[in-house]
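Below, chains carry the letters A, B, ... as their sequence lines are ordered, and counting in each starts from 1. As the structure is a prediction and not an experimental result, all values here were calculated from the model.
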Amino acid sequence: MTTNKKLTPSTALHPIVTPILNVKTETPRNKRFTLSAAPIARIATPGQFMMVWIPGTDEIPMSISNASGDQVEFTVARVGDATTALHKLKPGDLLGVRGPLGEGFVFPKKPKGKALLLVAGGCGTPPILFAATTALETGFAVDVALGATTSEELLFQQPFKELKLRNLVVATDDGSEGIQGTSVDAAAFLLEANSEYAASLACGPEGMLVNLNLLLQKFPIPLQVSLERYMKCGVGLCGHCIIDSKGRRVCHEGPVFDVKTLKNSDFGRWTRDSTGKRHPVNPTDTTCPS
Amino acid sequence: MTTNKKLTPSTALHPIVTPILNVKTETPRNKRFTLSAAPIARIATPGQFMMVWIPGTDEIPMSISNASGDQVEFTVARVGDATTALHKLKPGDLLGVRGPLGEGFVFPKKPKGKALLLVAGGCGTPPILFAATTALETGFAVDVALGATTSEELLFQQPFKELKLRNLVVATDDGSEGIQGTSVDAAAFLLEANSEYAASLACGPEGMLVNLNLLLQKFPIPLQVSLERYMKCGVGLCGHCIIDSKGRRVCHEGPVFDVKTLKNSDFGRWTRDSTGKRHPVNPTDTTCPS
Amino acid sequence: MAVKDREKKNSRLKVKIGSVKLPNPTILASGVLGVAAGGLIRAWKDGAAAVVTKTVGLQPRSGHPGPRIVGLYGNSLMNAMGIPNPGIEDYLPEINAAVNQSIPVIGSALGSSPEEFAKVAVALRKAGVTAIELNVSCPHVGSLYLLGMDPQSTSAVVSQVVKQTEKEIPVWVKLPGSTDYPRLVQVAKAAEKAGASAVVALNTLPALALDVESRRPLLGAGIGGLSGPAIKPIAIRAVWELYQSGLTIPIIGVGGILTGQDVIEYFLAGASAVEIGTGVLTRGSTIFTQICDELTEYMKRHRIKRITQLTGRMKSQDVKT
Amino acid sequence: MAVKDREKKNSRLKVKIGSVKLPNPTILASGVLGVAAGGLIRAWKDGAAAVVTKTVGLQPRSGHPGPRIVGLYGNSLMNAMGIPNPGIEDYLPEINAAVNQSIPVIGSALGSSPEEFAKVAVALRKAGVTAIELNVSCPHVGSLYLLGMDPQSTSAVVSQVVKQTEKEIPVWVKLPGSTDYPRLVQVAKAAEKAGASAVVALNTLPALALDVESRRPLLGAGIGGLSGPAIKPIAIRAVWELYQSGLTIPIIGVGGILTGQDVIEYFLAGASAVEIGTGVLTRGSTIFTQICDELTEYMKRHRIKRITQLTGRMKSQDVKT
Ligand SMILES: Cc1cc2nc3c(=O)[nH]c(=O)nc-3n(C[C@H](O)[C@H](O)[C@H](O)COP(=O)(O)OP(=O)(O)OC[C@H]3O[C@@H](n4cnc5c(N)ncnc54)[C@H](O)[C@@H]3O)c2cc1C
Ligand SMILES: Cc1cc2nc3c(=O)[nH]c(=O)nc-3n(C[C@H](O)[C@H](O)[C@H](O)COP(=O)(O)OP(=O)(O)OC[C@H]3O[C@@H](n4cnc5c(N)ncnc54)[C@H](O)[C@@H]3O)c2cc1C
Ligand SMILES: Cc1cc2nc3c(=O)[nH]c(=O)nc-3n(C[C@H](O)[C@H](O)[C@H](O)COP(=O)(O)O)c2cc1C
Ligand SMILES: Cc1cc2nc3c(=O)[nH]c(=O)nc-3n(C[C@H](O)[C@H](O)[C@H](O)COP(=O)(O)O)c2cc1C
Ligand code: FES
Ligand code: FES
């Protein structure tokens with residue numbers, strides 16, 4: 001065997017420990033963090049994630065919400081111990097990041113003249129921002145369906161507006177802004193006007209992804225969804241995030257899957273807790289999982 | 001630190017274990033062994049050596065007497081346990097080789113129109129054969145002074161004759177062939193006719209090298225000598241083969257040295273046994289050290 | 001290639017570990033891919049002759065906080081998962097799914113007392129596992145490591161497990177990653193005497209790696225277990241020590257295996273089969289078929305009919321200790 | 001750069017190991033370059049603050065047959081030199097040549113009894129060495145390794161050496177490459193009580209590597225000692241265990257150091273200085289200056305005045321064992 005891997009462990013396995021450059025409060029619940037981590041930033045694609053180490057607390061998976069030059073960003077919804085600890089950190093505080101991990105969204109070939117339907121539900125919005133940016137750079141027309149519980153929790157409305165999107169349709173559960181409903185309702189709204197999409201890319205609560213998949217049954221639009229599962233190693237070794245009998249790992253073959261490959265999987269059905277115990281996914285729960 | 005070394009240990013540190021392809025009896029005391037060891041053969045230069053492992057016996061240093069294509073050759077004088085064990089081996093038997101080790105002869109720049117004086121004393125002949133071949137390929141005119149105790153121990157007379165040498169002068173201690181005397185006498189003979197050499201490259205018993213150096217004092221010819229010292233690691237780690245207060249290692253900075261760098265060294269003065277104990281070199285002993 | 005075809009192609013690779021017959025000597029090590037049935041099945045489809053489950057106890061464990069793994073120089077790894085597992089009851093569906101596909105599953109058990117070990121083993125046996133592997137050696141969970149370094153305690157666990165499983169199922173003991181050979185041999189012999197059918201050598205070695213920026217251990221639990229190429233020569237040394245100690249039960253080698261050559265090394269030192277963990281990260285889950293192909297190539301080139309002929313065949317007349 | 005200039009540039013790196021003051025924490029490890037005075041001098045000129053001699057006994061030893069070293073995956077190494085040395089009397093000229101240049105030389109001694117150790121130590125002291133390092137831990141020579149795993153025997157050796165050298169010279173004890181921490185701590189505490197001034201952790205770990213073509217061990221002696229990156233996390237684990245055990249004498253870390261970062265890791269775990277062996281192969285003999293430059297860069301970036309402030313400063317509130 002000849003392996004060409006260098007002796008220095010890859011940044012997928014060994015954290016880059018680096019000070020926080022910037023923290024921005026995006027919504028009452030979400031903060032965006034910027035770090036300098038060139039080896040990750042330079043090769044990251046939308047949908048990939050990092051394991052973020054909060055020294056002294058825990059290491060948790062976070063989607064990359066932007067990568068440019070030497071810098072990476074991720075955006076954290078405060079839901080529990082580790083995310084609360086993260087929210088308390090300030091520029092200059094140290095974080096460790098391993099990545100980029102997993103497989104991101106796969107953009108269809110020949111973008112010219114084609115449109116993508118991006119669907120972002122609440123805490124699932126970060127990778128969609130990165131995907132929208134990249135899709136536009138690649139030459140796609142991009143429509144975004146953006147949902148949140150309420151007006152003030154609408155994530156990245158401003159950054160999305162600054163992009164040259166074709167359409168941005170907003171939905172809130174309480175109707176405080178845009179359509180009253182979920183991001184799936186926003187997507188339905190877009191599909192009514194025009195259903196010529198080369199693909200749909202989505203991230204959000206699993207119930208929302210299930211509903212979107214149901215909606216898209218009626219259209220010949222391939223759907224890619226980004227899943228969340230409890231992650232321990234993040235590199236495909238431990239098996240904690242496996243979702244089917246083929247042994248597909250959310251951290252390694254995912255987190256983004258073509259929904260067709262998820263037919264006989266735990267998608268919409270089962271999830272595991274930190275012990276590895278399976279719990280049913282509530283498919284009608286369209287709020288953020290955490 | 002970024003190191004570019006591959007995970008597979010280098011062949012300098014981990015033996016290539018491979019069957020003997022050919023054994024040729026060159027003189028009653030010397031046998032030539034051919035092996036296939038591409039990673040060594042492809043980069044070896046004249047004067048470099050290998051550590052040759054005779055499984056179950058020992059590992060000993062051997063100069064490379066030829067390297068072409070994927071094959072390397074070395075030529076062994078039977079002097080003790082390990083070399084006797086080697087002499088008993090047949091094609092198909094396994095040997096391990098680590099290398100190429102050390103620094104070989106440095107050929108002067110711009111060979112065109114220049115001549116080299118190669119001086120080979122007895123058991124020191126193998127690297128000189130390789131050097132002669134390479135020097136001719138590089139474009140030098142090559143004179144060889146070849147010495148041995150007696151006619152039948154003259155090593156590689158035939159191969160030397162097959163090369164397009166400018167002159168080959170032979171000497172034997174007992175006068176049974178060529179000049180009566182040592183290879184230094186043969187060199188003196190050549191120098192009388194013509195002393196326009198770009199450099200002299202020599203290998204043989206240390207007394208002979210000392211004498212050659214004395215002889216060359218009168219000429220403006222830089223001399224490179226290949227030394228022998230007891231070797232344990234062969235890669236510059238253990239320090240057993242150190243010859244001066246600068247810590248120069250015969251296995252690493254040598255075995256070939258410009259004789260000028262040897263001024264304040266053990267050259268012609270001290271050698272170490274297997275325990276590391278120093279013993280005086282007998283400078284008048286011009287027979288093979290082993 | 002279908003599993004059956006592969007077995008035919010690699011017919012020289014059949015092994016026996018006591019009464020356990022396997023088509024090749026490669027086994028998925030505990031803690032790798034095995035949290036979910038899908039992982040066990042994948043490893044088997046990708047060539048593993050048998051698969052060891054994640055170590056499981058009576059009660060659920062969340063394991064240690066992250067980071068839980070960190071890669072080191074030279075493809076070695078440290079982990080401090082802390083043996084997360086849902087407890088035997090909730091883990092049974094995973095085992096069943098694999099056993100239903102006729103996959104030889106080895107159930108890895110832990111416990112805080114001989115009785116607890118035995119309860120888990122009994123449940124594993126009921127689930128139809130091929131053998132039990134007792135994890136008395138995890139270096140980052142409670143006192144497991146010390147248990148496995150103590151001949152008496154290990155003997156007590158093995159006896160209890162053998163008794164409660166009515167001697168009806170092979171019991172393997174996974175030894176601690178230690179360089180204390182006299183002790184490892186004592187433990188192995190105590191296990192043998194208490195009825196163990198094989199020993200597995202070694203678990204990960206206790207280790208510590210630090211991040212110099214935050215000045216903290218790189219693993220959430222602080223101490224972790226070292227695996228991968230770094231530990232291979234240490235584990236092979238242990239296998240050889242066990243082999244020539246007079247132990248009569250088979251030895252399963254584990255630690256740092258990446259290639260067929262590595263497997264041969266373990267066999268020559270005395271192993272009858274091997275387990276592979278970290279290699280799944282380095283070469284992917286098809287490492288098992290890759291290695292079997294490399295082994296068959298080696299066997300053919302050396303005209304060896306059965307890999308079992310290689311066990312303990314290191315030429316060692318000159319070896320000093 | 002002259003040695004003096006370097007010391008000025010790296011003024012943050014000064015350390016003390018008991019009474020031994022050194023301009024930086026890097027020491028050439030025993031067995032590397034040190035057979036000859038020229039090697040000791042070279043390492044010092046290339047930045048080592050002190051140099052440990054080849055281990056030397058009363059009688060000459062030829063050492064083991066070759067191969068004596070073999071490189072493994074990931075820049076790790078195994079050696080079974082077998083401690084070749086000319087015996088103390090014939091080795092004295094090498095020490096004198098180094099001592100005459102005012103190089104801090106640490107004399108490494110072995111013996112087959114406390115008395116033999118003491119005789120070598122006395123001769124070393126006469127030769128003007130700065131400290132004695134007792135090699136009770138070579139894993140491929142006789143029973144040295146077992147000696148260093150036994151608190152009583154180690155204590156007997158240390159007492160005798162301390163007595164015969166009239167408590168006039170620091171005595172360091174080099175611990176075996178072992179994962180048996182309770183025992184290592186016992187040995188270190190026994191050594192401390194018997195008068196040792198420092199412990200050195202660790203020597204190489206016992207290991208075995210095979211060539212699958214010849215089916216023989218890759219080293220002439222069979223068993224060898226593992227060094228280099230493979231053992232770093234194991235040795236750091238040992239250093240930390242020793243540090244937090246209540247031991248009061250300083251700990252010198254050794255094993256797998258290649259970079260300034262590695263040295264910081266050892267300090268954070270509890271080391272007061274380090275020794276470097278295999279790294280000389282990987283980065284050349286200037287590894288010492290290279291590392292000192294890396295350390296100074298780290299110290300400046302982190303605004304740390306003295307490297308001594310880092311000893312044991314791992315943030316470890318969460319570390320479980
Ligand atoms: C691929 C992926 C990408 C993600 N991207 C983002 C993102 O961009 N922004 C964001 O805010 N959140 C993201 N998450 C979710 C985020 O990882 C969890 O919210 C976070 O781990 C919660 O940690 P906690 O300690 O604060 O919460 P806890 O109180 O520990 O738990 C709250 C919830 O978080 C989940 N959780 C806890 N630890 C983990 C873990 N190690 N792996 C997976 N889930 C965990 C639990 O299942 C639980 O439901 C992502 C998750 C995955 C798997
Ligand atoms: C760089 C170098 C290149 C060499 N090239 C050749 C060559 O091309 N052909 C050839 O026949 N010989 C060569 N030698 C000499 C050869 O290594 C010795 O003859 C051989 O090691 C003797 O081993 P033995 O067991 O047969 O003899 P022993 O009975 O062990 O000793 C006989 C003599 O060989 C020397 N010797 C033994 N072991 C070693 C060792 N490990 N390193 C160095 N010397 C040793 C001893 O000093 C002693 O004087 C070379 C030596 C060196 C250092
Ligand atoms: C991520 C990970 C988790 C592990 N979990 C367990 C476990 O639960 N039970 C166990 O007995 N060994 C466990 N081990 C140890 C392995 O089974 C194996 O003994 C060790 O890793 C050495 O083999 P390797 O070098 O091939 O990985 C684990 C190892 C790793 C890397
Ligand atoms: C070639 C070689 C020879 C060694 N000889 C000795 C020795 O004579 N005495 C000793 O105490 N340690 C000896 N050692 C062990 C080293 O001093 C050191 O403890 C070990 O190699 C770990 O450090 P490293 O990883 O930096 O090499 C030797 C190591 C090597 C590689
Ligand atoms: S988290 Fe370990 S395999 Fe995905
Ligand atoms: S033989 Fe070891 S340094 Fe030259």
Of all the heavy-atom pairs spanning [X] and [Y], show the shortest one and how long it is.
{"X": "Pro233(C)", "Y": "Met78(D)", "result": "CB-SD, 3.8 Å"}
{"X": "Glu265(D)", "Y": "Leu210(C)", "result": "OE1-N, 2.8 Å"}
{"X": "Ser214(D)", "Y": "Lys315(C)", "result": "O-NZ, 3.6 Å"}

Less than 4.5 Å apart, side chain to side chain, heavy atoms only: is that true for [X] and [Y]?
{"X": "Leu258(C)", "Y": "Tyr73(D)", "value": "yes"}
{"X": "Arg215(D)", "Y": "Leu310(C)", "value": "yes"}
{"X": "Arg237(C)", "Y": "Leu205(D)", "value": "no"}

query = Between Ala230(C), Ala207(C), Pro176(C), which shows the greatest number of heavy-atom pairs under 4.5 Å with chain D?
reply =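 Heavy-atom pair counts peak at Ala207(C).
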
task = Could you have a look at Pro229(C), Ser76(C), Ala209(C), Pro206(C) and say which one has the most heavy-atom pairs with chain D under 4.5 angstrom?
result =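 The residue among Pro229(C), Ser76(C), Ala209(C), Pro206(C) with the greatest pair count is Pro206(C).
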
task = Spell out the residues in residues 295-304 of chain C that have some non-hydrogen atom less than 4.5 Å away from a non-hydrogen atom of chain D, in order of number; otherwise answer 'none'.
result =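 Hits under 4.5 Å: Tyr298(C), Arg301(C), His302(C), Ile304(C).
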
inquiry  = Does anything in residues 178-186 of chain D reach chain C? List residues with heavy atoms under 4.5 Å apart, or say none.
reply    =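 Contacts with chain C: Ser178(D), Thr179(D), Asp180(D), Tyr181(D), Arg183(D).
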
Which atoms of [X] come close to chain C, meaning under 4.5 Å heavy atom to heavy atom: side chain ones, backbone ones, both, or neither?
{"X": "Leu226(D)", "value": "side chain"}
{"X": "Ile236(D)", "value": "both"}
{"X": "Leu219(D)", "value": "neither"}

request  = Let me know if Ala80(C) has heavy atoms under 4.5 Å from chain D in its side chain, its backbone, both or neither.
outcome  =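 It is neither, since no heavy atom gets under 4.5 Å.
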
